[in-house]
Participant: 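Encoded as structure tokens, here's the structure I'll be asking about.
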Amino acid sequence: GAVVSQHPSWVICKSGTSVKIECRSLDFQATTMFWYRQFPKQSLMLMATSNEGSKATYEQGVEKDKFLINHASLTLSTLTVTSAHPEDSSFYICSARDLGLAGGWQETQYFGPGTRLLVL
Amino acid sequence: AQSVTQPDIHITVSEGASLELRCNYSYGATPYLFWYVQSPGQGLQLLLKYFSGDTLVQGIKGFEAEFKRSQSSFNLRKPSVHWSDAAEYFCAVGAGLTGGGNKLTFGTGTQLKVEL
């Protein structure tokens with residue numbers, strides 16, 4: 001259980017285009033999903049917290065208009081990189097919070113396999 | 001603010017040898033601690049987690065970790081390493097009323113190489 005998928009796994013696009021990345025929780029409902037960015041040989045940096053039915057919460061320094069997040073259902077969150085530029089090339093990973101049977105302290109984040117974005 | 005330190009950027013061990021990956025955290029209250037493993041080009045897989053209770057936590061793939069409050073540490077161990085364990089290992093701390101479901105802060109990771 002607790003499987004999270006991402007689509008696509010790889011995307012190459014031209015500078016100036018927009019790219020949408022999907023994150024799905026396959027066997028559980030996720031009221032909250034998280035989007036991370038990982039540069040080569042570096043750790044994960046949280047970009048934003050996506051809450052179902054409400055606006056995403058962005059971390060300091062992350063451009064809201066650049067990285068659009070939509071969490072339209074309990075199993076799907078999308079990240080759209082608008083007007084992508086080469087500096088947006090990175091590995092984007094989502095995670096979904098599984099409330100678990102007891103909720104509260106049982107919560108754990110499960111991660112998707114990541115999406116590698118290359119902007120030419 | 002919470003933080004995580006993984007002092008070892010790279011570790012090389014021989015297959016069959018024991019392994020210990022270090023993790024130190026900084027957090028003002030009871031932390032929620034995690035170890036994740038990442039294979040090249042892949043997402044993160046949860047190895048184990050600590051929320052409360054027994055300070056020695058068993059995880060998947062034969063890994064265990066021990067929470068030591070006095071040392072602010074949560075070191076990951078494995079008695080006998082297999083070649084397939086070669087990967088990047090991340091320690092993370094979660095906070096907030098909802099524990100690990102809240103924001104996670106990750107360490108910089110430890111790259112494990114296994115020599116055959």
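Below, read A as the first sequence line, B as the second, and so on, with proteins coming before strands; counting in each chain starts at 1.
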Participant: Dump the intermediate steps for side-chain contact (heavy atoms from CB on, under 4.5 Å) on F111(A) and Q42(B), then the final yes or no.
Facilitator: CA-CA 10 Å; F111(A) 285 79; Q42(B) 302 296 315; over 6 Å; no
Participant: Quick check on L46(A) against chain B: is it the side chain, the backbone, both or neither that has a heavy atom closer than 4.5 Å?
Facilitator: side chain
Participant: Decide if atom CG of L120(A) counts as having more than 12 heavy atoms of other residues, nucleotides or ligands within a radius under 6.0 Å.
Facilitator: yes
Participant: Is it true that, when you exclude K64(A) itself, more than 12 heavy atoms of the residues, nucleotides or ligands shown sit nearer than 6.0 Å to its NZ?
Facilitator: no
Participant: Please answer: with hydrophobic residues joined when any side-chain heavy atoms are less than 4.5 Å apart, are L33(B) and Y27(B) in the same cluster?
Facilitator: yes
Participant: As an exercise: rank G114(A), P113(A), C94(A) by heavy-atom pairs under 4.5 Å with chain B and give me the winner.
Facilitator: P113(A)
Participant: How close do Q42(A) and F90(B) get, counting heavy atoms only, and between which atoms?
Facilitator: O-CZ, 4.0 Å
Participant: Using only atom types and a distance under 3.5 Å, with no angle test, would you say the side chain of T108(B) pairs donor to acceptor with the backbone of S43(A)?
Facilitator: no
Participant: Please determine whether the number of non-hydrogen atoms from other residues, nucleotides or ligands lying under 6.0 Å from atom NE2 of H7(A) exceeds 12.
Facilitator: no
Participant: Side chain, backbone, both or neither: which part of Q38(B) has a heavy atom under 4.5 Å from chain A?
Facilitator: side chain
Participant: So which heavy atom on Y110(A) is nearest to which on K49(B), and how close?
Facilitator: OH-NZ, 4.4 Å
Participant: Between M45(A) and T105(B), is any pair of side-chain heavy atoms under 4.5 Å apart?
Facilitator: no
Participant: Hey, any chance F91(A) and V11(A) share a hydrophobic cluster, counting ILVMFWY side chains that come within less than 4.5 Å of each other, even indirectly?
Facilitator: no
Participant: Check the hydrophobic clustering (I, L, V, M, F, W, Y; side-chain heavy atoms under 4.5 Å; chains of links allowed) and say if V62(A) and Y92(A) are grouped together.
Facilitator: yes
Participant: Do F106(B) and Q38(A) have side chains that approach each other closer than 4.5 Å (heavy atoms only, starting at C-beta)?
Facilitator: no
Participant: Quick check: do Y36(A) and L44(B) have side-chain heavy atoms less than 4.5 Å from each other?
Facilitator: no
Participant: In terms of hydrophobic clusters joined by side-chain contacts under 4.5 Å, are F63(B) and V93(B) together?
Facilitator: yes
Participant: Under a 4.5 Å cutoff for heavy-atom pairs, which residue among Q6(A), E59(A), R116(A) has the most contacts with chain B?
Facilitator: E59(A)
